[in-house]
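All chains are named by letter (A, B, ...) in the order of the sequence lines, taking the proteins before the strands, and each is independently numbered beginning at 1.
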Amino acid sequence: MTGSQIRRSMPLFPIGTVMQLTELTARQIRYYEEHQLISPARTDGNRRLFSLNDIDTLLEIKDLIDQGVNMAGIKQIFAQRVQKAMDQDLQNKPAIKAKKELTNEDIRKLLRKELTNAGRFNHSSLGGNMHRFFH
DNA sequence: CTTCTCACA
DNA sequence: TGTGAGTA
């Protein structure tokens with residue numbers, strides 16, 4: 001039950017492979033890392049190694065980009081997801097486990113779960129503000 | 001050859 | 001975001 005998760009978070013491929021799988025440029029991939037949307041491991045000579053989780057997070061980001069959502073919007077959506085994930089976590093783990101802190105992996109898992117569900121409705125993350133910007 | 005960081009005639 | 005420079 002944890003083995004698969006370990007595998008999904010295992011650092012495997014270099015940026016070149018990720019570029020082909022996601023159709024994102026190296027520039028973009030690094031940029032999203034700067035904005036903490038992904039956290040690739042590093043190896044040898046400081047080279048990035050992405051996990052399967054990184055890959056599909058990137059694919060989700062790609063979808064959002066293709067739908068016209070900008071970085072600010074994506075960051076908002078993810079932040080919103082993290083928030084909901086944390087709230088949900090607090091509900092499932094009341095006082096007894098209240099001491100437990102969420103690890104980055106926990107957040108990434110919850111993040112993916114949320115993305116899968118909410119990936120349906122139209123996300124104009126900036127909501128009505130988006131209209132103002134283009135008004 | 002691939003990837004990295006940094007910077008912008 | 002692109003892209004070229006100079007490395008590792």
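- Checking the phosphate oxygens (OP1, OP2) of B:dT5, a side-chain nitrogen or oxygen of A:Asn46 falls inside 4.0 Å.
- For A:Tyr32, a side-chain nitrogen or oxygen approaches OP1 or OP2 of C:dT1 to under 4.0 Å.
- With a 3.5 Å ceiling on both atom-pair distances, the Watson-Crick or G-U wobble partner of B:dC4 is C:dG6.
- In this structure, A:Phe50 places its CZ atom 16 Å from P of B:dT2, rounding to the nearest Å.
- Under the 3.5 Å distance criterion, the side-chain polar atoms of A:Asp54 are matched with a main-chain donor or acceptor of A:Ser51.
- For A:Arg42 and C:dA8, the CZ to C1' distance is 13 Å, given to the nearest whole Å.
- Between A:Tyr31 atom OH and B:dC4 atom P the separation is 18 Å, expressed in whole Å.
- Atom pair A:Ile15:CD1 and B:dT2:P shows a separation of 13 Å (rounding to whole Å applied).
- Expressed to the nearest 0.5 Å, how far CD of A:Gln76 lies from CE of A:Met71 amounts to 11.0 Å.
- Applying the 3.5 Å distance criterion, the base of B:dT3 shares no donor-acceptor pair with the side chain of A:Arg48.
- Nearest heavy atom pair, residue A:Phe50 against residue A:Pro40, reads CE2-CG, 3.2 Å.
- Close to C:dT1, at under 4.0 Å from its OP1 or OP2, lies no side-chain N or O of A:Thr25.
- Mapped onto DNA chain C by nearest heavy atom, A:Gly45 and A:Ile65 fall at different nucleotides, with A:Ile65 at the one closer to the 5' end.
- Between A:Arg30 atom CZ and B:dT5 atom P the separation is 7 Å, expressed in whole Å.
- Between the P atom of C:dG2 and the CZ atom of A:Arg27 lies a distance of 7 Å, rounded to the nearest Å.
- A donor-acceptor pair under 3.5 Å links the side-chain atoms of A:Asn70 to the main chain of A:Gly73, judged by distance alone.
- The nearest whole Å value for the distance from the CD atom in A:Gln28 to the P atom in B:dC4 is 15 Å.
- Here the P atom of nucleotide B:dC1 and the CZ atom of A:Arg47 are 14 Å apart, to the nearest Å.
- A side chain to side chain donor-acceptor pair (under 3.5 Å) with A:Tyr31 is found for exactly one of A:His35, A:Glu33, A:Gln28, namely A:His35.
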